Amino acid sequence: MRFESEVVSEEILPAIRKIIAESLHRDYGHTQEEIANTMDLTQPAVSQYLKGKRADSDLVEKLTDDPQIQLLVEDAVSKAAKNESFVQEMRDILKTGRDKGLFRERFEDSKRVI
């Protein structure tokens, strides 16, 4: 059994980071180093996100298929591209995905810690 915080940090955040990194690279032409600096990651981590090695492709697909999540991601990417904080947007993505049940199966075996 894993704690919910482990599920978020090991599965959900990597999927969101992959989507944001890809958008910064594709839509804004940011280099891996620029993305790493913007997202407070290492360049090798960004490389792995862009190659699809750090995120579950099924979860990425669920997130990218949801129109509401996509709008929130666009807001996060827009702020990230301007080197503005996008912490609140990340929270909104997590909350919205959870409220919509997009992560339900990932939390089935986890223990909630408050």
Side-chain angles (χ1 to χ4, degrees):
M1 178 181 301
R2 296 185 305 162
F3 293 110
E4 284 189 358
S5 57
E6 291 175 302
V7 174
V8 170
S9 67
E10 294 171 5
E11 297 181 37
I12 298 170
L13 284 177
I16 296 168
R17 286 179 178 146
K18 175 185 175 35
I19 295 166
I20 291 173
E22 283 181 335
S23 184
L24 286 169
H25 185 66
R26 178 187 62 243
D27 302 332
Y28 290 88
H30 285 208
T31 65
Q32 290 183 15
E33 193 65 39
E34 289 169 331
I35 295 167
N37 290 334
T38 298
M39 296 181 72
D40 199 26
L41 300 168
T42 64
Q43 179 276 320
V46 171
S47 176
Q48 289 187 339
Y49 283 124
L50 294 176
K51 290 178 182 176
K53 293 183 178 182
R54 274 206 176 193
D56 181 277
S57 59
D58 291 335
L59 183 53
V60 169
E61 186 175 338
K62 271 187 182 182
L63 292 168
T64 56
D65 284 349
D66 187 280
Q68 189 176 4
I69 296 289
Q70 272 308 107
L71 289 174
L72 295 170
V73 167
E74 288 172 15
D75 290 343
V77 170
S78 175
K79 285 195 168 187
K82 295 182 258 182
N83 286 326
E84 296 176 3
S85 174
F86 56 100
V87 172
Q88 185 58 50
E89 288 72 16
M90 292 290 283
R91 287 185 187 131
D92 292 344
I93 294 166
L94 288 166
K95 182 181 181 328
T96 301
R98 178 144 194 178
D99 290 350
K100 293 180 126 194
L102 298 178
F103 313 135
R104 183 174 292 123
E105 72 278 354
R106 301 192 184 264
F107 288 117
E108 287 176 353
D109 294 327
S110 67
K111 182 176 180 177
R112 186 177 182 115
V113 177
I114 299 176

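Since the model is a prediction, treat every value here as computed from it, not as a measurement.
- Between atom NZ of residue K62 and atom OG of residue S57 there is a gap of 12.0 Å, rounded to the nearest 0.5 Å.
- For the residue pair A45 and L41, the shortest heavy atom distance occurs at CB-CB, 4.4 Å.
- Listed by chain and number, the residues in a side-chain hydrogen bond (donor to acceptor under 3.5 Å, both in side chains) with E6 amount to none (sequence neighbours excluded).
- Residues passing the salt bridge (Lys or Arg N to Asp or Glu O under 4.0 Å) test with D99, sequence neighbours excluded: K95.
- The list of salt bridge (Lys or Arg N to Asp or Glu O under 4.0 Å) pairs with a residue in residues 20-34, not counting sequence neighbours, reads K18-E22.
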Practice problem: Determine, stepwise, if the pair I16 / I69 fulfils side chain to side chain contact (heavy atoms under 4.5 Å, CB included). | Solution: CA-CA 10 Å; I16 296 168; I69 296 289; over 6 Å; no
Quiz item: Can Y49 and I35 be said to form a side chain to side chain contact (heavy atoms under 4.5 Å, CB included), step by step?
Solution: CA-CA 11 Å; Y49 283 124; I35 295 167; over 6 Å; no
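- For the pair I19 and L63, the minimum side-chain heavy-atom distance is below 4.5 Å.
- Using a 4.5 Å cut-off on side-chain heavy atoms (C-beta onward), V77 and Y28 make contact.
- Taking each heavy atom of A76 and I20 in turn, the nearest pair found is CB-CD1, 4.1 Å.
- Across all their heavy atoms, V8 and P14 have their closest contact at O-CD, 4.0 Å.
- For the pair I12/R98, no side-chain contact is recorded, criterion being any heavy-atom separation below 4.5 Å from C-beta on.
- Applying the salt bridge (Lys or Arg N to Asp or Glu O under 4.0 Å) definition to pairs two or more places apart or across chains, those involving residues 36-58 are D56-R106.
- A search for side-chain contact (heavy atoms from CB on, under 4.5 Å) contacts involving K100 returns D66, Q68, T96, L102, not counting sequence neighbours.
- The side-chain hydrogen bond (donor to acceptor under 3.5 Å, both in side chains) test applied to E84 returns no partner, not counting sequence neighbours.
- Sorted by first then second residue, the side chain to side chain donor-acceptor pair (under 3.5 Å) pairs that include residues 69-82, not counting sequence neighbours, are K79-E89.
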Quiz item: Please walk me through it: do V46 and T31 pass side chain to side chain contact (heavy atoms under 4.5 Å, CB included)?
Solution: CA-CA 10 Å; V46 171; T31 65; over 6 Å; no
Practice problem: Please lay out, stage by stage, how M39 and H30 fare under the test side chain to side chain contact (heavy atoms under 4.5 Å, CB included). | Solution: CA-CA 12 Å; M39 296 181 72; H30 285 208; over 6 Å; no
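- Nearest heavy-atom pair, F103 versus L94, reported as atom, atom and distance to 0.1 Å: CE1-O, 3.5 Å.
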